[in-house]
Amino acid sequence: MQTLKFQKKEMRMAGLGEESSLPDLLGISILQNELQFSLGEKEEIFEGYGRVDNMYPYRQYDNYKRGLKEGTVDVAILENEHIKAVFLTEYGGRLWELWDKSKGENLLYTNDVLRFSNLACRNAWFSGGVEWNIGVIGHSPFTTEALHIAETKTDENFPVLRMYQYERIRKVIWQMDFWLEDEPYLNCAMRIYNESENVIPMYWWSNIAVPEHMGGRIIVPADSAYTNKEGLVYKVDIPVVEGVDITNYQEIPYAVDYFFDIPEKSPKYIANVNAEGYGLLHVSSDRLRSRKLFSWGHQTASMRWQEFLTEHKDPYVEIQAGLGKTQYGCIPMAPHTTWEWLERYGAVQIPKEDMERSHSERTNNLTKAILEQRIPEALDEIASRWQSFAKKEAALVYTGRQYGAMELQRKNTGHLQFELTSENLLKWKDFFETGILHTPSPDDRPDEFMIERTNVSFMEQACLKEENKQNWYAFYHLGLGYFDSKEYERAIRAFERSCSLAQNPWARHALSCSYMKMGNRDEAVYNILEGMKARSKDTSYLKEGFRILIQNEAFEPLCDFYRLLEKQEQEIGKLKFYYAFALAKMGSYTDALYILEHNGGIELEDIREGEGSIQELWEEVTEIVHGTATAVPYIYNFRTS
């Protein structure tokens with residue numbers, strides 16, 4: 001008996017907070033975007049293709065807290081007599097739990113809390129389960145957002161959980177169908193539509209968190225992998241890399257990625273098994289060609305990161321599956337193209353004696369078993385059956401963000417419902433129909449960011465209308481369209497016009513970003529300081545403003561502004577860190593060290609993955625104050641490389 005239920009789940013969770021009040025114009029560091037390559041010209045990994053400067057028109061999620069409290073989340077539960085799958089519909093549709101009912105074992109690593117940290121392309125991210133990453137390099141724009149959730153049936157009357165959304169940067173619609181049959185496997189059918197006239201960079205990785213088993217192993221049909229060290233990407237033979245058998249993940253010393261180069265004719269799979277040979281098998285059709293292992297490593301910083309992401313859970317690793325050979329670039333998706341593939345998740349048991357064998361022997365034995373069980377043929381057969389209901393209409397259960405509804409006029413969504421009930425988006429719909437934009441108060445947060453390089457000409461024409469000529473909001477959005485087009489001089493003129501019509505902190509921020517792009521530090525600093533004066537209680541604005549001051553080496557203005565803030569804002573971890581950093585750069589090392597040590601130190605709730613700034617600051621100030629750099633405290637030790 002297959003069932004699909006929608007329920008509430010009680011969890012301990014941190015507060016995500018609202019999105020930033022600002023558009024993401026300057027972007028944040030994405031580790032994969034900062035690499036150099038030492039590879040042969042036939043590797044075809046599209047190094048760097050599809051990188052983006054920022055996440056505009058999305059906003060960052062940077063207002064979360066670390067404190068936990070009891071709460072509830074919406075979940076969808078698919079279940080049969082063999083397996084139970086639990087999805088977090090409010091958080092990117094993440095597959096949160098996958099239970100093998102015959103053993104009472106959860107095959108995934110499921111965090112004991114929802115706690116956010118700065119690892120995703122929109123900042124907030126949480127560990128655990130299976131995350132579906134689409135569009136741009138890095139963790140998904142939707143990892144903390146609700147998707148459209150619907151239900152339908154297979155031709156055999158099995159319930160189907162459907163999730164879908166519109167991705168705003170690549171401008172594609174993507175769909176995920178999940179269902180169970182009379183087998184102990186979760187079926188996941190994926191579809192991405194590029195219905196545009198353009199070749200677009202495309203990215204997909206299914207990010208699977210699994211327990212780090214004592215004596216466990218990764219099994220994958222590859223004898224080489226792409227990795228990186230100190231920013232250089234190169235290829236290595238596996239399983240032994242620099243004296244470490246990487247399939248034995250507990251021996252990996254530092255945080256590292258290994259992207260396995262699976263032969264074209266091999267079945268596409270990866271498994272994580274415990275010392276008894278039992279665990280999770282992930283297998284897919286050939287389009288999902290690649291597999292990856294990520295480990296936090298095994299050193300003090302590795303322990304710190306894992307502790308930082310959870311409350312009491314044990315360590316985990318990630319096994320991932322992607323469209324490209326690596327995550328170092330996107331791959332080209334042709335116009336008027338649909339990509340589809342099938343993933344299956346379920347339990348696997350290999351003979352215990354295989355755990356004592358070599359990587360190649362274990363892999364050969366599991367590959368042989370997969371071929372003997374005709375799993376690749378089964379995938380093709382299931383995918384073929386999926387075609388009969390892939391475009392069935394489905395009953396909408398929950399509505400996610402409604403930007404897709406704004407695209408219905410030029411997207412052949414057909415069977416997918418995109419309702420438009422958002423008051424803010426309805427205002428913008430009226431604008432695109434009439435050319436007349438509403439005029440909010442300059443004190444209000446911008447409602448939406450809808451103008452970009454693809455429609456900036458429409459905004460230009462709108463600003464010529466008599467009804468918009470005195471509208472500060474219209475010229476603000478015109479400037480954003482120019483900024484997105486990298487026409488920074490025109491953007492500056494539009495933002496200055498916006499400020500002349502009504503002094504507003506939004507155009508001040510955008511002016512600061514534009515002047516930074518033009519290399520004018522003085523104007524960048526002046527404008528962000530003017531903006532922060534009006535938003536001195538806005539955490540996201542202050543964080544962005546202080547970051548801009550640091551990047552422009554405006555250390556004294558930063559310190560002066562920080563001292564004028566109220567106590568509540570002075571206690572924000574990121575602002576306190578920026579203040580200590582600026583003090584050190586001004587030579588006030590003792591004062592900087594006091595901040596780093598006082599009351600147990602700074603809790604940097606949103607320290608960025610790969611960021612070494614607080615460790616470096618500690619080492620710098622202690623070396624000068626004490627004459628020698630002292631050991632980095634555990635709370636600041638995030639340097640895993």
Chemist: If you count the non-hydrogen atoms of other residues, nucleotides and ligands that lie under 6.0 Å from NZ in Lys537, is the total more than 12?
Modeler: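 Check passes, neighbour count above 12.
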
Chemist: Evaluate the side-chain contact (heavy atoms from CB on, under 4.5 Å) criterion for residues Tyr109 and Glu212: first the C-alpha distance (whole Å), next the side-chain angles of each, then the deciding distance (0.1 Å), finally the verdict.
Modeler: CA-CA 8 Å; Tyr109 167 87; Glu212 185 180 280; over 6 Å; no

Chemist: Testing the basics here: between Trp305 and Ile607, what is the closest heavy-atom pair and its distance to 0.1 Å?
Modeler: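 Of all heavy-atom pairs spanning Trp305 and Ile607, the closest is CH2-O, 3.8 Å.
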
Chemist: Would you say Asn111's side chain and Leu309's backbone share a donor-acceptor pair under 3.5 angstrom?
Modeler: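 At least one qualifying donor-acceptor pair exists.
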
Chemist: Determine, using ring centers only, whether Tyr234 and Tyr226 are less than 6.0 Å apart.
Modeler: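 No, ring centres 6.0 Å or more apart.
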
Chemist: Does the ring center of Phe259 lie less than 6.0 Å from the ring center of Tyr328?
Modeler: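 They qualify: ring centres under 6.0 Å apart.
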
Chemist: With side chains defined as the heavy atoms from C-beta onward, is the minimum distance between Glu620 and Lys585 less than 4.5 Å?
Modeler: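 They are in contact (side-chain heavy atoms under 4.5 Å apart), so the answer is yes.
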
Chemist: Less than 4.0 Å between a side-chain N and a carboxylate O, is that true for Glu311 and Arg115?
Modeler: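 No.
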
Chemist: Test Leu25 against Leu480 for side-chain contact (heavy atoms from CB on, under 4.5 Å), laying out the working first.
Modeler: CA-CA 9 Å; Leu25 300 182; Leu480 292 177; 4.1 Å; yes

Chemist: Please answer whether the main-chain N or O of Pro23 pairs with a side-chain N or O of Trp506 as donor and acceptor at a distance below 3.5 Å.
Modeler: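 Not confirmed, Trp506 side chain does not pair with Pro23 backbone.
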
Chemist: Taking the side chain as every heavy atom from C-beta outward, state whether Met516 and Asn552 have any pair of such atoms under 4.5 Å apart.
Modeler: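 Answer yes - side chains close enough.
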
Chemist: With heavy-atom distances below 4.5 Å as the criterion, would you say the side chains of Ile319 and Arg291 are in contact?
Modeler: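 No, side chains not in contact.
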
Chemist: What are the two closest non-hydrogen atoms of His298 and Ile252, and how far apart are they?
Modeler: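 Minimum heavy-atom separation between His298 and Ile252: ND1-O, 2.8 Å.
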
Chemist: Determine the minimum heavy-atom distance between Tyr58 and Arg168, stating which atoms define it.
Modeler: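 In terms of heavy atoms, the two residues are closest at OH-N, 2.9 Å.
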
Chemist: Do the charged groups of Lys574 and Asp62 touch, with an N to O distance under 4.0 Å?
Modeler: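 A salt bridge is absent here (no side-chain N lies under 4.0 Å from a carboxylate O).
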
Chemist: Any chance the side chains of Arg304 and Tyr636 put a donor and an acceptor closer than 3.5 Å?
Modeler: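 No donor-acceptor contact under 3.5 Å links the two side chains.
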
Chemist: Looking at CG of Asp112 and CZ of Arg12, how far apart are the two atoms once the value is rounded to the nearest 0.5 Å?
Modeler: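 Separation between the atoms: 8.5 Å.
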
Chemist: Under 6.0 Å between the ring centres of Tyr91 and Phe126?
Modeler: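 Yes, the ring centres sit under 6.0 Å apart.
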
Chemist: Within the 3.5 Å criterion, strictly below it, is a donor on Gln327 or Gln320 matched to an acceptor on the partner's side chain?
Modeler: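 There is such a pair (donor and acceptor under 3.5 Å, judged by atom type) between the side chains of Gln327 and Gln320.
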
Chemist: Got a donor-acceptor contact below 3.5 angstrom from the Asn133 side chain to the Trp205 backbone?
Modeler: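 It does hold such a pair.
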
Chemist: Could you verify whether a donor N or O on one side chain and an acceptor N or O on the other, from Thr110 and Glu97, lie under 3.5 Å apart?
Modeler: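 Their side chains do not contain a donor-acceptor pair, so the 3.5 Å distance test is not met.
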
Chemist: Between Phe638 and Arg608, is there a cation-pi geometry (under 6.0 Å to ring centre, at most 45° from the normal)?
Modeler: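 Because its charged atom misses either the 6.0 Å distance or the 45° angle limit, Arg608 does not stack over Phe638.
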
Chemist: Please walk me through it: do Lys543 and Glu605 pass salt bridge (Lys or Arg N to Asp or Glu O under 4.0 Å)?
Modeler: CA-CA 12 Å; Lys543 285 182 178 181; Glu605 67 278 350; 3.5 Å; yes

Chemist: Other residues, nucleotides and ligands only: do more than 12 of their heavy atoms fall within 6.0 Å of OH on Tyr634?
Modeler: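 Yes, enclosed.
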
Chemist: Please answer whether the main-chain N or O of Thr539 pairs with a side-chain N or O of Glu569 as donor and acceptor at a distance below 3.5 Å.
Modeler: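 The answer is no, because no donor-acceptor pair under 3.5 Å joins these two groups.
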
Chemist: Can a cation-pi geometry be assigned to Arg547 and Tyr578, taking NZ or CZ under 6.0 Å from the six-membered ring centre and within 45° of the ring axis?
Modeler: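 Negative - Arg547 is either too far from the ring of Tyr578 or too far off its axis.
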
Chemist: If you count heavy atoms of other groups shown closer than 6.0 angstrom to CE of Met13, is the number above 12?
Modeler: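 Yes, CE of Met13 has more than 12 neighbouring heavy atoms, counting only those of other groups under 6.0 Å.
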
Chemist: Got a sec: does the CZ of Phe308 have more than 12 other heavy atoms crowding it under 6.0 Å?
Modeler: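 Enclosed: over 12 neighbouring heavy atoms sit under 6.0 Å from CZ of Phe308.
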
Chemist: Any idea how Tyr476 and Phe495 line up, ring-wise: parallel (<30°), tilted (30 to 60°), or perpendicular (>60°)?
Modeler: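 The arrangement is tilted - the two ring planes meet at 30° to 60°.
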
Chemist: Is Asn272 reaching over with its side chain to a backbone N or O of Pro211, donor-acceptor style, under 3.5 angstrom?
Modeler: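 Flag set: sc Asn272 to bb Pro211 pair under 3.5 Å.
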
Chemist: Is Asp538 salt-bridged to Arg445, cutoff N-O under 4.0 Å?
Modeler: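 Looking at Asp538 and Arg445, the cut-off is not met.
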
Chemist: Are the aromatic ring centres of Trp132 and Phe87 under 6.0 angstrom apart?
Modeler: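 No.
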
Chemist: Quiz question: by atom type and distance under 3.5 Å, do the side chains of Tyr403 and Glu448 form a donor-acceptor pair?
Modeler: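 Per modelled atom types, Tyr403 and Glu448 side chains form a pair under 3.5 Å.
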
Chemist: Can a salt bridge be assigned to the pair Asp24 and Arg122 using a cut-off of 4.0 Å between side-chain N and carboxylate O?
Modeler: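 Looking at Arg122 together with Asp24, the answer is no, because their closest N to O distance does not fall below 4.0 Å.
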
Chemist: How long is the straight-line distance from CD of Glu47 back to OG1 of Thr326, given to the nearest 0.5 Å?
Modeler: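 With rounding to 0.5 Å, OG1 (Thr326) is 7.5 Å from CD (Glu47).
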
Chemist: Indicate yes or no: does Glu544 engage Arg535 in a salt bridge with an N to O separation below 4.0 Å.
Modeler: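 Looking at Arg535 together with Glu544, the answer is no, because their closest N to O distance does not fall below 4.0 Å.
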
Chemist: Do side-chain atoms of Tyr488 reach the backbone of Cys513 as a donor and acceptor pair under 3.5 angstrom?
Modeler: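 No, the answer is negative, given that no donor and acceptor are paired below the 3.5 Å cut-off.
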
Chemist: So, for Met214 and Ala275, which heavy atoms are closest and what is the spacing to 0.1 Å?
Modeler: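 Heavy atoms only, the tightest pair is O-CB, 3.6 Å.
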
Chemist: Would you kindly say whether Glu145 and Tyr61 are connected by a side-chain donor-acceptor distance under 3.5 Å?
Modeler: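 Glu145 vs Tyr61: donor-acceptor pair found between side chains.
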
Chemist: Would Ser20 and Arg59 count as having a side-chain donor-acceptor pair, cut-off 3.5 Å?
Modeler: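 The criterion, which ignores hydrogens and geometry beyond distance, is not satisfied for Arg59 and Ser20.
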
Chemist: Does Phe483 have Lys517 sitting over its ring (NZ/CZ under 6.0 Å from centre, angle to axis within 45°)?
Modeler: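 Because its charged atom misses either the 6.0 Å distance or the 45° angle limit, Lys517 does not stack over Phe483.
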
Chemist: How about Lys533 and Leu564: do any of their side-chain heavy atoms sit closer than 4.5 Å?
Modeler: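 Not in contact.
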
Chemist: Kindly indicate whether the side chain of Gln503, heavy atoms from C-beta on, has any atom under 4.5 Å from the side chain of Arg508.
Modeler: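 Sidechains of Arg508 and Gln503: in contact.
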
Chemist: What I want to find out is whether Lys8 reaches Asp74 closely enough, with some N-O distance under 4.0 Å, to be called a salt bridge.
Modeler: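 Yes, charged N to carboxylate O under 4.0 Å.
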
Chemist: When you measure from the side chain of Gln60 to the backbone of Cys121, do you find a donor-acceptor pair of N or O atoms at a distance under 3.5 Å?
Modeler: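 Checking the backbone N and O of Cys121 against the side chain of Gln60, a donor-acceptor pair under 3.5 Å is found.
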
Chemist: In terms of side-chain heavy atoms, does Glu609 have a donor or acceptor partner in Trp125 at a distance below 3.5 Å?
Modeler: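 No - no donor-acceptor pair under 3.5 Å links their side chains.
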
Chemist: Ignoring hydrogens and angles, tell me if any N or O in the side chain of Glu167 forms a donor-acceptor pair with the backbone of Ile169 under 3.5 Å.
Modeler: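 A pair under 3.5 Å: yes.
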
Chemist: If the test is side chain to side chain donor-acceptor pair (under 3.5 Å), which one of Thr144, Thr89, Thr143, Asn207 qualifies with Arg94?
Modeler: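 Testing Arg94 for a side chain to side chain donor-acceptor pair (under 3.5 Å) against Thr144, Thr89, Thr143, Asn207 leaves exactly one candidate, Thr143.
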
Chemist: Between Arg401 and Glu19, is there a side-chain N and carboxylate O pair less than 4.0 Å apart?
Modeler: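 Salt bridge: yes.
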
Chemist: Side chains of Tyr316 and Trp296: is there a donor and an acceptor less than 3.5 Å apart?
Modeler: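 Short answer, yes.
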
Chemist: Within this structure, what is the CG-CD distance for the pair Leu88 and Glu90, rounded to the nearest 0.5 Å?
Modeler: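 Reported value, rounded in 0.5 Å steps: 8.5 Å.
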
Chemist: To the nearest 0.5 Å, what is the distance between CG on Asn520 and CD1 on Ile492?
Modeler: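 So the CG of Asn520 and the CD1 of Ile492 are separated by 7.5 Å.
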
Chemist: Run the salt-bridge test on Lys65 and Glu571 with the 4.0 Å N-O cut-off and return the result as yes or no.
Modeler: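 Result for this pair is no, no salt bridge flagged.
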
Chemist: Do Thr630 and Trp618 get their side chains close enough for a donor-acceptor pair, meaning under 3.5 Å?
Modeler: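 There is such a pair (donor and acceptor under 3.5 Å, judged by atom type) between the side chains of Thr630 and Trp618.
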
Chemist: Testing the basics here: between Ala507 and Cys499, what is the closest heavy-atom pair and its distance to 0.1 Å?
Modeler: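 Residues Ala507 and Cys499, closest heavy atoms: CB-SG, 3.6 Å.
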
Chemist: Provide the closest heavy-atom pair for Ala491 versus Ser514 in the form atom of the first, atom of the second, distance.
Modeler: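 Result for this residue pair: CB-OG, 4.0 Å.
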
Chemist: Using distance alone, with no hydrogens and no angle criterion, decide if Asn123 and Tyr64 have a side-chain donor and acceptor under 3.5 Å apart.
Modeler: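 Yes, Tyr64 and Asn123 have a side-chain donor paired with an acceptor closer than 3.5 Å.
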
Chemist: Can you tell me if Gln568 has over 12 outside heavy atoms packed within less than 6.0 Å of its CD?
Modeler: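 Open: at most 12 neighbouring heavy atoms sit under 6.0 Å from CD of Gln568.
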
Chemist: Any chance CD of Glu556 has more than 12 other-residue heavy atoms, nucleotides or ligands included, within less than 6.0 Å?
Modeler: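 12 or below, so no.
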
